[in-house]
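Structure first, commentary second.
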Amino acid sequence: MNKHRPLSPAAYVPADLVQPSVRLAVSGEAALLNSTTAAAAEKMFASAAASGVVITLASGYRSFNTQIGTYNKWVQAEGQAAADTASARPGYSEHQTGWSFDIGDGSGRDSFTPAFANQPAAVWAKSNAHLFGFVVRYPWMFHGITGYYYEPWHLRYVGVEAAGEMNTKGIATLEEYFGLEAAPAYK
């Protein structure tokens, strides 16, 4: 998923949404992930906790209708150009797939800001998430490729093999890993 690769159909709903057994900062649909991502998240959150690091699920699945509301709030507050760098248009959100989620640390400190990168949850995830099949989907200074500014809280499940290979080879984005064109803006 990126600004050149929308969901089809746009209102896609994963068939296997479940609530993972992890520390939640949300409820309802936002506490759901697809079953594969949920199982990997459970292992990752448990490993972080064993290391003394608290990670919370701050935002998981978002339905097409929820994404309409989320995106429109950004547009109303910041204008469409700014909204397009901070929030996916409906039908383009990785959250809608169930394969991605946002993390927090339970404190609310620096939540959903680039400064979250310095919080223990983000530091731990950046160093260890690949061991569980996750990547930080929108890394620092790659917005020209991904179309989104740095989101140290946004993790995407890609599988242990792919995440490990990206980590070993220093590949920062899924676009680069899969040989896709950069998607800095919507077509």
Aromatic rings Tyr138 and His154: how do their planes relate, parallel, tilted or perpendicular, breaks at 30° and 60°?
->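 The rings of Tyr138 and His154 sit tilted, inter-plane angle from 30° to 60°.
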Transitively linked via ILVMFWY side-chain contacts under 4.5 Å: [X] with [Y]?
X	Y	answer
Trp99	Phe45	yes
Phe142	Leu180	no
Tyr148	Leu174	no
Leu155	Ile171	no
Phe116	Met44	yes

Separation between [atom1] of [X] and [atom2] of [Y], rounded to the nearest 0.5 Å:
X	Y	atom1	atom2	value
His95	Thr66	NE2	OG1	11.5 Å
Tyr92	Phe64	OH	CZ	10.0 Å
Tyr177	Glu165	OH	CD	4.0 Å
Phe178	Asn2	CZ	CG	11.5 Å
Ser59	Leu24	OG	CG	11.5 Å
Tyr61	Gln19	OH	CD	15.0 Å

Evaluate whether atom CZ of Arg89 has more than 12 neighbouring non-hydrogen atoms of other residues, nucleotides or ligands under 6.0 angstrom away.
->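 Counting neighbours around CZ of Arg89, more than 12 heavy atoms of other residues, nucleotides or ligands fall under 6.0 Å, so yes.
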Please confirm whether the backbone N or O of [Y] pairs with a side-chain atom of [X], one donor and one acceptor, at under 3.5 Å?
X	Y	value
Gln96	Ser93	no
Glu175	Ala182	no
Asn34	Thr37	yes

Do you know the tightest heavy-atom contact between [X] and [Y]?
X	Y	result
Ala30	Leu57	O-CD2, 4.2 Å
Thr146	Pro139	CG2-CD, 4.4 Å
Tyr150	Trp153	O-CH2, 3.9 Å
Ala25	Ala58	CB-CA, 4.2 Å
Trp74	Ala83	CB-CB, 3.6 Å
Ala121	Ile55	CB-CG1, 3.9 Å

Of Val136, Thr168, Asn167, Val135, the residue whose pairing with His130 passes side chain to side chain contact (heavy atoms under 4.5 Å, CB included) =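 It is Asn167; the other options fail the test.
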Would you please test Phe134 and Asn128 for side chain to side chain contact (heavy atoms under 4.5 Å, CB included) and show each step?
-> CA-CA 9 Å; Phe134 294 98; Asn128 297 286; over 6 Å; no
With a 3.5 Å cut-off and no angle check, do the side chains of Ser63 and Asn65 form a donor-acceptor pair?
->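 Checked: Ser63/Asn65 side chains show no N/O donor-acceptor pair below 3.5 Å.
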Could you go step by step and tell me if Gln80 and Tyr71 meet the side chain to side chain contact (heavy atoms under 4.5 Å, CB included) rule?
-> CA-CA 9 Å; Gln80 186 168 6; Tyr71 180 75; 3.3 Å; yes
Of all residues at least two apart in sequence or in a different chain, which pass the side chain to side chain contact (heavy atoms under 4.5 Å, CB included) check with Lys126?
->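 Here no residue qualifies.
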